[in-house]
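The block underneath contains the structure these notes are about, expressed in structure tokens.
Below, chain A is the first sequence line, B the second, and so on; all start at residue 1.
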Number of protein chains: 2
Amino acid sequence: MTTIKPTPVSSATHDKATRAPLAQGAVRLSQPLLETIEEEIVTRQLAPGARLDETELAQRFAVSRTPIREALIQLASAGLVELRPRRGAIVAQVSPQQLMEMFDVMAELEAHCGRLAARRSTAEEQRELLAAHEACTESSNGLDPDRYFYLNERFHQILYRLSHNAFLEEQVRHLQRRLRPYRRLQLRVRQRVGHSFEEHRAIVDAIMAGNEVLAAEHLRTHIQIQGERFSDLMASL
Amino acid sequence: MTTIKPTPVSSATHDKATRAPLAQGAVRLSQPLLETIEEEIVTRQLAPGARLDETELAQRFAVSRTPIREALIQLASAGLVELRPRRGAIVAQVSPQQLMEMFDVMAELEAHCGRLAARRSTAEEQRELLAAHEACTESSNGLDPDRYFYLNERFHQILYRLSHNAFLEEQVRHLQRRLRPYRRLQLRVRQRVGHSFEEHRAIVDAIMAGNEVLAAEHLRTHIQIQGERFSDLMASL
DNA sequence: GTCAAACTTCTTGTATACAGGATTTGACGA
DNA sequence: TCGTCAAATCCTGTATACAAGAAGTTTGAC
């Protein structure tokens, strides 16, 4: 009851002169915002603890606060920003402890991807994985860690797909994204790129051999090492 | 069947009435909304595929569309709601295929909880787990599945905590919540409650014995069975 | 000189207004 | 009767307005 009247009056109750023209085109304004902000958090352009002022972001992206808020809420759901009631949003601060925990879960999920991939992947899919692995070759000498990082990420994403479990793939990709800045950092550790490449080789072999146990074990170790290396890195600072 | 068990309040919130300016006590208006809607989705009061009209919800909760939208965005991030651009929100439809995939991931995560619990839990924590298990005794005869469901959920939640991995705990609790309606359904399968209880016994034993491998294996099976029973249930309809 | 209370300013949370895509309705023709 | 197209309506996405909490600043007392 007491229906809120939308007042569909067609007569001019507003002066259109002051109305800014809506920039239509994209279905959703908050989508590109979300991606841009996420990218900046992930690449550390926005450092952990940095305040995310809604008005400021709105001006920067030339939109109103509404889509900004929606993007921030989504980022908070993803764990990338922390929303403090009435006190604004900040880039989430992840403690080393939390990070270790996340790598631990990641190791389990990737191991399971490997197990399923060994069980279910087709010959063609395996060739795809092998190709992704071989694409890493030229950048595995440690001269171009950024390029290796990118190719490495692709390799893992293909692996996820080979699990033939879309939900698992989604979850693990999400976590991969959240851990991205730390993984990237960790790749700069001496010799890590070379070892990583070798580990991939063993993983591919196990999957192509259909050896579930070995595939899972190699992957678990592969990810756990990243967590450990990262913690070494932290300790050395 | 399908009796909604406890239904904790969840409907005494929209008493604001009167065109009050703003007087709010709660820090955030969207928080209780979120929880209420989530509860209704989980308990199937809002069936999969049901449209979630923003204006309608706004009227029902006596708030504006803004907090409703924010709640919907969060629900979409959690996977409970599907947001179709320009076409409104609907309760997410989960296919049997997806469900199987989710149970599969759940099995892995719980297995890992069990492994970590066996490795890290203290004697006192183990007593807590045992107590939670024994609390299930009286309702394990199958006469009161709803009560067993509740106690069973508590048992698992304690287990998650014993992993001493807060991130894992959070992730697995989240998934537990998402799978809740299906787990509940599945408990009505003949004999399932009794078997579930026995499986818990084996899990507790393995954890108290510090047997990581066995704890993980029992848990994996325990959850996988649920997925399989559910798929049997689907097939029989 | 330091601390605290009051005031000011800033920023968030919610409500409302409005534009344009999506859906429905209705008329017309095959 | 059914299908198609156009107009009307509904509803979402975004902008803007406004109230109240939080932070910052000034002033007053001890």
Shortest side-chain distance from [X], nucleotide among [options]:
X	options	answer
A:Glu54	C:dT12, D:dG13, C:dT16	C:dT12
B:Arg87	C:dA22, D:dT12, D:dG13	C:dA22
A:Asp53	C:dT11, C:dA15, D:dT12	C:dT11
B:Arg69	D:dT12, C:dT12, C:dT16	D:dT12
B:Arg65	C:dA22, D:dA20, D:dT12	D:dT12
B:Arg86	D:dG13, D:dC11, C:dT14	D:dG13

Value in whole Å for how far the [atom2] atom of [N] lies from [atom1] of [X]:
X	N	atom1	atom2	result
B:Gln59	C:dT14	CD	C1'	17 Å
A:Ile90	D:dA22	CD1	C1'	15 Å
B:Leu72	C:dT14	CG	P	14 Å
B:Glu70	D:dT12	CD	P	16 Å
B:Gln31	C:dG13	CD	P	12 Å
B:Leu57	C:dA15	CG	P	14 Å

Inset, instruction - Please determine, by modelled atom types, if B:Ser77 and A:Gln74 share a side-chain donor-acceptor pair under 3.5 angstrom. - result: no
Inset, instruction - Mark yes or no for whether B:Arg51, through its side chain, and B:Ile90, through its backbone, hold a donor-acceptor pair below 3.5 Å. - result: no
Inset, instruction - Write down the atom of A:Ser231, the atom of A:Met100, and the distance for their closest heavy-atom approach. - result: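 Reported closest heavy-atom pair: CB-SD, 3.7 Å.
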Inset, instruction - May I ask you to verify if any side-chain N or O of A:Arg84 is less than 4.0 angstrom from the OP1 or OP2 atom of D:dG21? - result: no
Inset, instruction - Measure up the A:His200 and A:Phe155 rings against each other and bin them: parallel (under 30°), tilted (30 to 60°), perpendicular (over 60°). - result: parallel
Inset, instruction - Take B:Leu52 and B:Thr66, find for each the nucleotide of DNA chain D with the closest heavy atom, and name the residue whose nucleotide sits nearer the 5' end. - result: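 That would be B:Leu52.
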Legend entry - A:Ile207 vs A:Ser121 side-chain heavy atoms within contact, under 4.5 Å: yes
